[in-house]
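Whatever order the structure lists ligands and atoms in, that order sets their numbers, starting from 1.
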Amino acid sequence: MTQAAPPLPGYALVTGATAGLGASFTRRLAAEGRDLVLVARTLDRLESMAAEVRDRFAVQVEVLPADLSTPDGCAAVAARIGQSERPVDTLINNAGIGLYRRFGDAPLADEQRLLDLNVGSVLTLTHAAVGAMTTRGRGEIINISSVAGFVPRGPSTTYAAGKAWVTSFSEGLSLLLAGTGVRITAVCPGFTHTEFHDRAKADMSGTPSWMWLDADRVVAEGLADARAGVVISVPSRRYKALLILVKVLPRSVVRWVVSRR
Ligand SMILES: NC(=O)c1ccc[n+]([C@@H]2O[C@H](COP(=O)([O-])OP(=O)(O)OC[C@H]3O[C@@H](n4cnc5c(N)ncnc54)[C@H](OP(=O)(O)O)[C@@H]3O)[C@@H](O)[C@H]2O)c1
């Protein structure tokens, strides 16, 4: 069994820190005593999250409001990651959105915004982190992907393709980072109770209750996997089992099953 990595001394930067999985990462890392940089667009939610974790865990917290679907937002966060004072040793690329529309029905700008956030910001921030972290010889990068990246999706085609990129990108980088002191993990959750589906105005009433995960449990398992050196983490036994099926079934059968939903 792989030994868990020792705790890192520097800041942990969490994108999408104010809700869902990002809020859960924020509370968990603060409970470990980690100083934090919190990123999202909405300043008052960032400040109330910062106040909560400062009060509860006595950690240093910076808030960095940024729209990560824009080049300026990504550049501001990348600059913070590249700073040598108050170094960022943990990057959680978590901010992401869904788009529950048939491809072609939604404006191209919406598809592009999704890719800019879910893929573009992961590319830019990981690039900044790999440079800074390999220079220091320590660090961890956790990219929040999705099980959606393993299956073809009709209504969320661009989302699923973007998550396939995040998983493949993280796996490829893990080879490059071996021996540098920097670890990278793609965490691939299934459906999780957060604000995600409401924001995307998705009707989830047909999704069976057994398919829903709890955000704190996803984060606990994802972090434990990352510290154990797991490169692709799939939280929960039920989604691990589903993915084994996806891997062994012929792809035409997978497409048929998905198209029935
Ligand atoms: N929930 C699920 O079922 C599920 C399953 C698999 C994977 N995931 C992935 O998990 C990640 C987190 O999702 P979640 O479910 O926790 O979502 P959520 O509850 O909707 O939270 C999204 C967070 O991202 C921030 N955000 C949204 N757009 C942003 C932007 N343009 N720039 C910066 N921050 C932005 C939001 O704050 P502001 O609005 O203030 O910016 C919020 O803090 C995403 O990458 C998602 O794809 C989710």
Side-chain angles (χ1 to χ4, degrees), residues 13-28 36-50 52 63-78 80 91-100 109-110 112-122 124-126 142-151 153 156 158-167 169-170 185-202 204 207 209 211-219 221-222 232-236 238-239 242-243:
L13 185 147
V14 183
T15 72
T18 53
L21 292 164
S24 182
F25 271 111
T26 298
R27 294 189 180 103
R28 196 162 187 98
L36 294 162
V37 184
L38 307 183
V39 180
R41 290 167 303 177
T42 314
L43 183 59
D44 55 350
R45 289 191 73 176
L46 278 170
E47 282 174 342
S48 81
M49 178 56 77
E52 177 195 320
V63 299
L64 179 41
D67 182 344
L68 289 171
S69 67
T70 67
D72 286 354
C74 284
V77 180
R80 175 63 188 88
L91 168 63
I92 315 277
N93 274 315
N94 163 76
I97 50 169
L99 185 59
Y100 279 73
D110 290 355
Q112 186 64 56
R113 191 175 310 109
L114 181 147
L115 274 188
D116 289 344
L117 177 63
N118 294 11
V119 172
S121 75
V122 176
T124 306
L125 304 191
T126 303
I142 299 179
N143 291 332
I144 309 307
S145 189
S146 172
V147 292
F150 297 104
V151 286
R153 292 284 293 276
S156 295
T158 309
Y159 177 81
K163 291 301 187 183
W165 181 90
V166 173
T167 304
F169 172 69
S170 308
T185 295
V187 176
C188 305
F191 293 118
T192 307
H193 289 294
T194 67
E195 298 177 12
F196 180 89
H197 298 97
D198 284 347
R199 287 172 188 259
K201 299 185 175 55
M204 303 306 291
T207 307
S209 57
M211 292 191 90
W212 287 98
L213 302 175
D214 171 71
D216 288 342
R217 294 186 68 171
V218 167
V219 166
E221 204 172 323
I232 300 177
S233 163
V234 178
S236 84
R238 66 202 104 146
Y239 279 101
L242 275 179
L243 281 193

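Heavy-atom contacts of A66 reach the following atoms of ligand 1: 32 (N), 33 (C) (cutoff under 4.0 Å). Short contacts between ligand 1 and G20, defined as distances under 4.0 Å to a heavy atom of the residue, involve ligand atoms 16 (O), 19 (O). Interface atoms of ligand 1 facing I144, defined by a heavy-atom separation under 4.0 Å, are 9 (C), 10 (O), 11 (C), 45 (O).
Only side-chain heavy atoms of H197 come within less than 4.0 Å of ligand 1; its backbone N, CA, C and O stay farther off. Counting heavy atoms closer than 4.0 Å to ligand 1, residue H193 contributes nothing at all. In A17, the part holding a heavy atom less than 4.0 Å from any atom of ligand 1 is the backbone.
Remark: ligand 1 and L68 share an N or O pair separated by less than 3.5 Å (distance only, no angle test). Looking at ligand 1, you'll find an N or O of E195 within less than 3.5 Å of one of its N or O atoms. By the 3.5 Å distance cut-off applied to N or O atoms, Y159 is counted among the residues near ligand 1. Residue G16 places at least one N or O, backbone or side chain, under 3.5 Å from an N or O of ligand 1. Considering backbone and side-chain atoms together, F196 places an N or O closer than 3.5 Å to an N or O of ligand 1.
Looking from atom 29 (C) of ligand 1 to the surrounding protein, the closest heavy atom is R41 NE, 3.5 Å. Distance from atom 5 (C) of ligand 1 to its nearest protein heavy atom, with residue and atom name: G190 O, 3.2 Å. With hydrogens left out, the protein atom closest to atom 44 (C) of ligand 1 is N94 O, 3.1 Å, a heavy atom. Distance from atom 36 (C) of ligand 1 to its nearest protein heavy atom, with residue and atom name: R199 NH2, 3.5 Å. Among all protein heavy atoms, the one lying closest to atom 16 (O) of ligand 1 is L21 N, 2.8 Å. Nearest protein heavy-atom neighbour of atom 15 (O) of ligand 1: T194 OG1, 2.6 Å. Nearest non-hydrogen protein atom to atom 3 (O) of ligand 1 is T192 N, 2.8 Å. Distance from atom 31 (N) of ligand 1 to its nearest protein heavy atom, with residue and atom name: D67 OD1, 2.8 Å.
Between the side chain of S145 and the backbone N or O of K163, at least one donor-acceptor pair lies under 3.5 Å. Side chain of T192 to main chain of G190: a donor-acceptor pair is present (N/O by atom type, distance under 3.5 Å, no hydrogens or angles). Of the possible polar contacts, none joining the Y159 side chain to the Y100 backbone as a donor-acceptor pair under 3.5 Å is found. In terms of modelled atom types and a separation under 3.5 Å, the side chain of S156 and the main chain of R153 share no donor-acceptor contact. T15 places a side-chain N or O within 3.5 Å of a backbone atom of A95 that can act as its donor or acceptor partner. In this structure a side-chain-to-backbone donor-acceptor pair under 3.5 Å is present from N94 to G16.
The only member of L242, L243, T167 that meets side chain to side chain contact (heavy atoms under 4.5 Å, CB included) when paired with V234 is L243.
With contacts defined as side-chain heavy-atom distances shorter than 4.5 Å, the pair L21/V187 does not qualify.
Around atom CZ of R238, more than 12 heavy atoms belonging to other residues, nucleotides or ligands sit under 6.0 Å away.
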